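Predicted model, so just to flag it, every value in this text is computed and none were measured.
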Amino acid sequence: VVVAGAQVVKQSVFVYQLSFGLGERWGIMTCLPCCCEGYDMIEVIGPSTPVVVTWQATVSKAQHGKLGVAIVPEDNTLRFERLDMQGAVADYNASNRGEAVKVGDFVTSVNGVTGFAPMMLEAATRHEDLQLTLARSRMFRATVKKSGSLGVTFGVFPKTLVVKEICSGPIEKWNSTNKHYVIQPGDLFIEVNGVKDNGTEILEALKADGDLRILIRPLGGAGY
């Protein structure tokens, strides 16, 4: 389906509660998703400060039998809501202080599973040894002028849109002139011209020509 130059790919929606029992078995507390988290993280940053950093982490639940974290499933990520003093993540942090996990960080891949939070959560609960891709990001705002095609393929989540592909259009032009605020596949459109918390309504807002004020959650090439 093509809407205002943006190809739309509908995503299936899992009921997050289905994963709660699995999480409890491994010491993962799952919380209700909230895509408004982090709005206060928007700030002006220096050109040498990236809006997103990613790294790999190997975590084993063999010793404690649990991760020891509270996790919020959010669209194509898992967000760390709380870190316990004991558990696999605490052990990882103690041995990797330069790349320690912090509250607010995101998981974008679990043992190669990407793109959909419930599937990543299931992988995290099923396996004892986990290879994680982690991301730490700060949201930013992009203003683009649209006349015709936006040149973006989206996946539609309940509360956001995920960028799947970028071709010729205003977003590509934005990227060419804003090297420190590049929009990539896997990034989330959180808000467009004040419309938020509903992926379908955000998509409708993108149909309008003129100035589009977009709130972006960069995720460093997350799955979609």
* Tell me, with the steps shown, if Arg136 and Lys102 meet side-chain contact (heavy atoms from CB on, under 4.5 Å). => CA-CA 9 Å; Arg136 183 172 299 151; Lys102 297 181 180 180; 3.5 Å; yes
* Asked: Side chains of Phe116 and Asn76: closer than 4.5 Å at any heavy-atom pair?
  -> no
* Asked: Among side-chain atoms of Ser60 and Glu128, is any donor-acceptor pair under 3.5 angstrom?
  -> no
* To do: Taking only Lys NZ, Arg NE, NH1 and NH2, and the carboxylate oxygens of Asp or Glu, determine whether Asp197 and Lys159 approach each other closer than 4.0 Å.
  => no
* To do: Dump the intermediate steps for side-chain contact (heavy atoms from CB on, under 4.5 Å) on Asn193 and Leu206, then the final yes or no.
  => CA-CA 9 Å; Asn193 289 355; Leu206 289 172; over 6 Å; no
* Test item: Ile216 and Ile190 side chains (from C-beta on) under 4.5 Å apart, heavy atoms -> no
* Side chains of Glu172 and Cys167 in contact at under 4.5 Å (non-hydrogen atoms) -> no
* Leu134 vs Val101, side-chain contact (heavy atoms from CB on, under 4.5 Å): CA-CA, chis, key distance, verdict -> CA-CA 8 Å; Leu134 304 174; Val101 176; 3.6 Å; yes
* Structure fact -> Per side chain to side chain contact (heavy atoms under 4.5 Å, CB included), Ile183 is matched among Asn175, Val144, Val152 by Asn175
* Close side-chain approach of Val107 to Leu132, heavy-atom, < 4.5 Å -> yes
* Within-4.5 Å side-chain heavy-atom neighbours: Gln56 and Gln131 -> yes
* To do: Taking only Lys NZ, Arg NE, NH1 and NH2, and the carboxylate oxygens of Asp or Glu, determine whether Arg213 and Asp211 approach each other closer than 4.0 Å.
  => no
* Assess whether side-chain contact (heavy atoms from CB on, under 4.5 Å) is satisfied between Val51 and Tyr181, documenting all intermediate values. => CA-CA 7 Å; Val51 293; Tyr181 299 90; 3.9 Å; yes
* Does the side chain of Thr160 come under 3.5 Å of the side chain of Asp75 through a donor N or O and an acceptor N or O? -> yes
* Asked: More than 12 foreign heavy atoms under 6.0 Å from CD of Gln86: is that the case here?
  -> no
* Can you find a pair of side-chain heavy atoms, one from Leu219 and one from Tyr224, that are under 4.5 Å apart? -> no
* **Leu78 side chain reached by Phe106 side chain, heavy atoms, under 4.5 Å** => no
